[in-house]
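One structure is given here, and the rest of the page talks about it.
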Amino acid sequence: MRIGSSTIKFITVLMGLLKILDANELNSEMTMPFIQNESLRHCLNLGNALEAPTEGDWGIVLKAEHFQLIKKAGFTAVRVPIRWSSHASENVPYQINISFLDRINWVVNQAIENELAIVINMHHYQDLFSDPQAHRNRYLCLWNQISTYFQDAPNTVLFELLNEPNGKLTSNLWNDLLTECIEIVRKTNPDRTLIVGPANWNHISAELDKLVLPDHNIILTVHYYDPFHFTHQGAEWVNGSDKWIGTSWSNETRQTQKIESDFLRVSNWAQEKKVPVFVGEFGAYNKANLQDRILWTNYVRQQAEKFNFSWAYWEFGAGFGVYDRETKKWRMSLLEALIPKP
Ligand code: BGC
């Protein structure tokens with residue numbers, strides 16, 4: 001029998017699993033998120049499209065050809081940030097606009113047709129962060145509708161419950177809200193793998209220790225943009241970031257050790273809780289020097305893989321873009337930092 005590369009990959013994943021899990025804990029409920037996380041291993045964020053107030057406002061409208069290109073470049077999955085809160089009524093039952101749901105369904109089907117796993121999330125729900133009590137019920141009703149609509153989708157469609165909880169949505173409030181949300185989603189999607197990250201912007205901070213995961217079919221997500229003054233120099237949406245322009249990054253020990261120790265901390269946390277890890281966003285903005293961005297991207301990606309984390313680069317074709325929409329070409333050096341040539 002000829003053993004193909006996918007068989008070898010599967011065996012490697014199983015070996016990794018056995019390292020993480022005690023053999024007698026290898027039941028399907030616990031292994032499922034590890035298997036699902038494998039499908040996210042090389043993921044790309046389709047940022048600035050559906051999390052803009054209206055798709056196109058920030059310059060990107062998703063097209064069928066994008067999914068084909070992404071598949072061909074070697075990615076295994078896409079993560080789609082979605083601003084549901086701008087497409088639903090403000091009053092009970094907080095009905096999501098049906099044409100918006102149909103648009104997301106088109107996106108999901110594009111991923112499925114191109115054999116890409118897909119993460120659909122809830123992005124930029126700012127009102128929930130500034131007034132969690134007032135928006136609690138609306139948030140839950142949105143997920144009730146989304147999870148009901150996609151209940152028959154294949155298991156390569158994953159739900160990420162909330163991008164970067166922050167502001168007044170503290171760890172305690174977030175733990176309560178996500179428990180309630182999972183109860184609702186589980187009514188229609190008992191077996192779907194869910195993605196959840198800690199408060200304080202999904203950052204690898206002390207809030208990670210406060211996160212409580214209510215069931216076993218969950219992947220932990222964290223975002224990685226450190227050092228922030230390097231990755232967000234000149235970012236128009238970050239006050240004062242102009243002053244950071246010129247901040248460099250090199251793979252000298254002092255810089256690399258920080259990334260390694262951050263990831264080690266996450267890995268220890270995840271091993272103790274027996275959950276797989278998805279670095280759901282990482283990237284450096286185009287105001288930073290390209291050579292440094294390539295080095296940083298390559299290093300973070302390699303560290304993620306070393307710890308068996310899946311990852312999603314932020315993002316496809318805007319300010320962090322690995323793809324240049326004007327020339328319709330991949331930025332090859334950045335692409336190869338993510339997916340090295342065999
Ligand atoms: C935000 C984007 C931002 C990116 C990097 C994402 O979570 O939604 O607007 O560009 O992080 O800061």
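In each ligand, atom 1 is the first atom listed, and ligand 1 is the first ligand listed. Here, residue 1 is the first one in the sequence, and each next residue gets the next number.
- The shortest heavy-atom distance from Y225 to ligand 1 is under 4.0 Å.
- For Y313 and R301, the side-chain atoms include no donor-acceptor pair closer than 3.5 Å.
- Heavy atoms of other residues, nucleotides or ligands lying less than 6.0 angstrom from CD of Q68 number more than 12.
- If you run side chain to side chain contact (heavy atoms under 4.5 Å, CB included) between P198 and each of D209, L208, T221, only L208 comes through.
- Residue-level proximity to ligand 1 for W237 is carried by the side chain, the only part with a heavy atom below 4.0 angstrom.
- In this structure, of E51, E281, H232, the residue bringing a heavy atom nearest to atom 12 (O) of ligand 1 is H232.
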>> What verdict does the ring pair (Phe, Tyr, Trp, His ring centres under 6.0 Å) test give for Y225 and W201, after you've listed the backbone C-alpha separation in whole Å, the side-chain angles of each residue and the deciding distance to 0.1 Å?
In response: CA-CA 11 Å; Y225 288 109; W201 307 87; over 10 Å; no

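- Residue-level proximity to ligand 1 for N163 is carried by the side chain, the only part with a heavy atom below 4.0 angstrom.
- When only modelled atom types and interatomic distance are considered, Y149 and Q145 share no side-chain donor-acceptor pair under 3.5 Å.
- No part of E315 comes within 4.0 Å of ligand 1, judged by heavy-atom distances.
- Side-chain atoms of E252 and S250 form a donor-acceptor pair, as typed in the model, at a separation below 3.5 Å.
- The single protein non-hydrogen atom nearest to atom 2 (C) of ligand 1 is W314 CZ2, 3.5 Å, given as residue, atom name and distance.
- Using modelled atom types and a 3.5 Å distance limit, the side chains of R79 and N163 yield a donor-acceptor pair.
- The closest approach between any non-hydrogen atom of H124 and ligand 1 is below 4.0 Å.
- Applying the 4.0 Å criterion to heavy atoms of E164 picks out, from ligand 1, the atoms 7 (O).
- The protein atom (non-hydrogen) at minimum distance from atom 1 (C) of ligand 1 is H123 NE2, 3.8 Å.
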